[in-house]
There are 2 protein chains.
Amino acid sequence: MRITPDRVIPALQWGRQYDRGKLVSDLLAAVIATVMLIPQSLAYAMLAGLPPQVGLYASILPPVGYALFGSSRVLAVGPVAVVSLLTFASLEGFAPPGSPEFIAAAIVLAALSGLILTAVGLFRLGFLANLLSHPVISGFITASAVLIAVSQLKHIAGVEAQGDSLLQMLRSLTAHLRAINPPTVIIGLVAIAFLLWARTSLQPLLARAGLSNRLSEMLSRASVMISVIVSTTVVSALGLRQLGVNVVGEVPRGLPPLALPTLDPNLWLALMPAAGLVSIVGFVESVSVARTLAARRRQRIGEDQELIGLGVANLAAAVGGGYPVSGSFSRSAINLDAGAVTPMAGVFTGAGILATTLFFTPLFYNLPQAVLAATVIVAVLSLVDIKELKRTFVYSKSDFAAAAMTIVVVLGIGVEPGIVAGVLLSIVLFVWRTSRPHMAIVGEVPGTEHFRNILRHKVITSETVLSVRVDESLYFVNARYLEDRIQALVAERPALRHLVLMCSAINFIDASGLETLKTIAGRLDAGGIEFHLSEVKGPVMDKLERSDFFEHLTGEVFLSQHAAIEKLDPAATRLKFQAC
Amino acid sequence: MRITPDRVIPALQWGRQYDRGKLVSDLLAAVIATVMLIPQSLAYAMLAGLPPQVGLYASILPPVGYALFGSSRVLAVGPVAVVSLLTFASLEGFAPPGSPEFIAAAIVLAALSGLILTAVGLFRLGFLANLLSHPVISGFITASAVLIAVSQLKHIAGVEAQGDSLLQMLRSLTAHLRAINPPTVIIGLVAIAFLLWARTSLQPLLARAGLSNRLSEMLSRASVMISVIVSTTVVSALGLRQLGVNVVGEVPRGLPPLALPTLDPNLWLALMPAAGLVSIVGFVESVSVARTLAARRRQRIGEDQELIGLGVANLAAAVGGGYPVSGSFSRSAINLDAGAVTPMAGVFTGAGILATTLFFTPLFYNLPQAVLAATVIVAVLSLVDIKELKRTFVYSKSDFAAAAMTIVVVLGIGVEPGIVAGVLLSIVLFVWRTSRPHMAIVGEVPGTEHFRNILRHKVITSETVLSVRVDESLYFVNARYLEDRIQALVAERPALRHLVLMCSAINFIDASGLETLKTIAGRLDAGGIEFHLSEVKGPVMDKLERSDFFEHLTGEVFLSQHAAIEKLDPAATRLKFQAC
């Protein structure tokens, strides 16, 4: 594959064909996305333990960075819930949330995460993200959503509370329950109720009122902005701030200076593991969104290109005074629905946020924190996927175990240990599963040349030839198991003259597996039984030929199990020819 | 399987049939084994940083414990080189070698290791030892042997030296080179030369002198004892101790009181990881020896029973004031050659060492340490297996990488990190290997119903049906890879109507793999291509049936790839019928 500028910078591809029609579509989508993004960016910054303006900063440059290098046409990059939670969890040990040191550390985290993602993309190591299995991701997202929702309850209650685990949070909440602020609670609950209602009922209502389906859907998505405007108005009109309702307060107008992040090597080193985790989670979330949306439009996503795009977006976040960003599912979906056709929509959204930051921040002064918390709670609750967990439980107990482990550790200890525990358990369970492979004695399905398990199918077998299929690659973890099983099978069959190991499911044989095969051949030979192989795959055969295996093999290697039986026990195949 | 006393205590089986003939055979073997064991036990105790008598103590009760519970008839249990090295490496951080605290910690290590082995055996978790792959074991043994040999050079040179890694040891040796003691060096080198010569040339010489093959072999094995007797005589006759030749010195006569090990919970907890490692290495070494020897006599080894036997032997070592023990390859081989028929031979050997400890320890006063070091060096050099490494390199680069990693870390850092690094790398490489599975487009071998890779075989293919075989189970690590590969294959073939995934090598499908299959089915459907499976194994099919997969599958599941083609593109199979 030749490396052309077009490959490295996808923006050169779509940029050349950019025209007025696309501009209009992108602009329209950007307006809707901006309206949705403003409250979200404030709320997620709060979730990450950062001042609200940092959420705005993280929404300006990152979409531009992604637009240049990312491969998805509609992915909306900026602050997202899970990565915000991870940022908070990673940094709270380094500095008090909200302090200048905390902000500086968040910028370093974004820079590190950007460097990691870009490097991984450039070295084409994107497959590493595959270590996060489907159940671990869904368990992680579900548990994070619960944790996020609970972490926001303090804003709804109008109290101080903190904690890493669910238990700590709940305990801290209960301890502060006396200090609860009634007006705040009312505002928060009304906002939650309105947002939940809007999600299910506003769109049909507007549609019934005569609006087009698409327009009514757009407007229903603006419900967050509606609640922001209404609540801000109510708070300032009634002077609720005097009654103890926490508001966003003074958000500095204008931009932070473009700057390099703090260059303290100790801090960078200490944040490295956290940055790795933020990178992998952000990437997995982002790429899942990008894939899902690309499938709807039959576009393709380049995994390594996505890494670079997201990496540059995070570097841009760091330079622009923001914090780690990722692809947002809800905003990308809106982008798609609103008709965005190129990442220019993201650039326009960034411009919208820029304008907001420069001119409109005083408008948020009286915005109650409880409404932002309500926004977060309603957004993350849609991420809790109990059905998926149930399906996983029915399908595979070990997958469910990995998901459950992730959930339990995330809720019980924290997000970082949770994801690590999930990944480790997945790998341990995989190795465990391959350690005792399924083995089947096979016979020929009458009228075919096909061999199947004698326990599941009516098949023709032979007295003198035992056909055994082992359903796993032979490697160190299961090598001895095979040895013992074959020994046991042979011990039960005194009339045996040949043993044929059907290798159709053996995808590789490592050095330990090779030793086992030699041992088996030697033992069978001692008992007067010839050892044969059949259906050995090309790559496996290539390696066997490089070893001294064939000095030990007492029998032959057959192209197919059928060919083996035909030669070793023609009587067993006669039945078939009669049928023919 | 019913649990009978015979099963739990193998000694009850062979004990009932014990007779005079067996007694004589076992006694004779025990005499020879004792003669070999005395110098080895002193030398290995020295290697472990323990006073020589601890080696003797570790040789008395453990064979009795193993005799009761072990399943091998000829395994000689006692001090061995690699476990002694591990003991030293585990304990040097806790107390100065040779100090009473060091001895107490060694006893605790034996007790812990005994408990771990017994527990693992009782819970039938013996398969855990399979995590040590063949290349990691052989790399570990080779590197340990080098480390042991180098660690003994200080005794040959008659200087003080120490270090965990090869480099540290060599540096320390060079630093002390001026203090070298010439008489010690002469004794050491002569002993090494004699032992090396005896190993290859003494037996043929004796045979030529008219002795029977067996007798001459026995006598040549006594070469260690000969060098001990000769060197001790020379040292005491010439008064070489005054010239600075280090000797074994006063070995206390009699036994330590039978006692429970120190019950300091902090010490036990701190030694836990080391005990785990000692257990797994000791077990793997021991069980390999037992298997190899059992194969020669067509006996079987019970893996879990071996664990219990070795566990009880280590508990016995702790109670008797010894240190961790394992099965010795050299002494077990001698046992076998000398005609031992039951583990009673081990009990008699224990009795022989007991007698030695009670009455003969003063005889070792003038035994030069250099001769013991020579014994160790010659014994471990036979463990260095360069040929095996070469074979591994030719056969599999990733197996070689695991072996090389183990060797480099053992030599460069130490034995414990070495084995951990080897095991981790093996697992990482295994996961990596399964992350990009081999895939083949297959066609029918003419004249058969067998399907093979179109790149390796002359086969019949179809224009409208693509048959793809994926050579790996579908699980989270490789799920996305499959998605991308199938997409690419389909993109190249506009005429395609059906895609059949031949599942003969898919041994399981986890939840992530299932998601992938659904996604592939959906995408192919969007392109007007039906998605079919063939040769799905029973256990895989059972799980698919528990999921909602068949709501997504647009095609069928065929018994065999042949059946799929016969139905989906009869024209492609016509050629075959013409040939018939």
Side-chain angles (χ1 to χ4, degrees), chain A residues 127 130-136 295 298 300 303 391-392 394-396 398-399 426-427 430-431 433 435-438 440 445 448-450 452-453 456 471-472 475-481 487 504-505 507-508 510-512 514-515 519 522-523 526 537-539 543 546-548 559-560 562-563, chain B residues 127 130-135 295 298 300 303 391-392 394-396 398-399 426-427 430-431 433 435-438 440 445 448-450 452-453 456 471-472 475-481 484 487 504-505 507-508 510-512 514-515 519 522-523 526 537-539 543 546-548 559-560 562-563:
Chain A
F127 65 89
N130 296 342
L131 285 179
L132 282 186
S133 70
H134 202 82
V136 170
R298 320 244 147 172
R300 280 205 69 187
E303 203 157 273
R391 268 205 304 275
T392 306
V394 172
Y395 181 69
S396 156
S398 61
D399 276 320
S426 305
I427 291 177
F430 169 63
V431 172
R433 187 183 282 166
S435 74
R436 306 208 156 183
H438 178 250
V445 179
T448 75
E449 299 181 359
H450 191 59
R452 277 303 177 98
N453 191 343
R456 287 177 181 262
D471 286 352
E472 195 53 68
Y475 81 115
F476 61 99
V477 168
N478 58 31
R480 283 194 191 133
Y481 178 76
Q487 190 126 348
S504 52
N507 301 316
F508 65 87
D510 78 351
S512 311
L514 184 68
E515 286 305 310
T519 308
R523 291 218 187 127
K537 285 165 208 285
K543 285 182 80 179
R546 285 210 304 272
S547 78
D548 60 348
L559 179 72
S560 68
H562 175 75
Chain B
F127 65 89
N130 297 342
L131 285 179
L132 282 186
S133 71
H134 202 81
R298 322 244 144 169
R300 282 204 69 185
E303 204 157 271
R391 269 204 304 274
T392 306
V394 172
Y395 181 68
S396 156
S398 62
D399 276 321
S426 304
I427 291 175
F430 168 63
V431 172
R433 185 181 285 166
S435 74
R436 306 208 154 185
H438 177 250
V445 179
T448 74
E449 299 181 359
H450 190 59
R452 277 303 178 95
N453 191 341
R456 290 179 180 260
D471 286 351
E472 197 53 67
Y475 80 116
F476 61 98
V477 168
N478 59 29
R480 282 192 192 137
Y481 178 76
D484 292 345
Q487 190 125 350
S504 53
N507 301 315
F508 65 89
D510 78 352
S512 311
L514 184 68
E515 285 307 309
T519 309
R523 293 221 185 125
K537 286 165 208 286
K543 284 182 78 178
R546 284 210 304 272
S547 78
D548 60 349
L559 180 72
S560 68
H562 175 75

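Below, each value reflects all heavy atoms present in this structure, side chains not excepted, and no hydrogens, waters or symmetry copies. Lettering of chains follows the sequences in order, A, B, ..., and the numbering in each one begins at 1.
- In this structure a side-chain-to-backbone donor-acceptor pair under 3.5 Å is missing from A:S396 to B:D510.
- Taking B:T519, B:D399, B:V431, B:T392 one by one and counting their heavy-atom pairs under 4.5 Å with chain A, the maximum is reached by B:D399.
- A distance of 8.0 Å separates CZ of B:R452 from NZ of A:K537, quoted to the nearest 0.5 Å.
- Panel note: side chain B:H450, backbone A:L559; a donor-acceptor pair is recorded below 3.5 Å.
- Each of B:R456, B:R546, B:E303 has some count of heavy-atom pairs under 4.5 Å with chain A, and the biggest count is that of B:R456.
- Residue A:R391 holds its CZ atom at 9.5 Å from OG of B:S547, rounded to the nearest 0.5 Å.
- Here OH of A:Y395 is found 10.5 Å from CG of B:D548. Values are rounded to the nearest 0.5 Å.
- Here CZ of B:F508 is found 13.5 Å from NE2 of A:H438. Values are rounded to the nearest 0.5 Å.
- With respect to chain B, the highest number of heavy-atom pairs below 4.5 Å among A:S426, A:S398, A:A563 belongs to A:S426.
- Put simply, OG1 on A:T448 and NE2 on B:H562 are 8.0 Å apart, with the number rounded to the nearest 0.5 Å.
- Side-chain N or O atoms of B:D471 include none that pairs as donor or acceptor with a backbone N or O of A:N507 at under 3.5 Å.
- B:E472 is linked by a salt bridge (charged side-chain N to carboxylate O under 4.0 Å, His left out) to nothing, counting only residues two or more places apart in sequence or in another chain.
- Considering all non-hydrogen atoms of both residues, A:A505 and B:S504 come closest at CB-O, 3.5 Å.
- No side-chain donor-acceptor contact under 3.5 Å links A:S512 to the backbone of B:S133.
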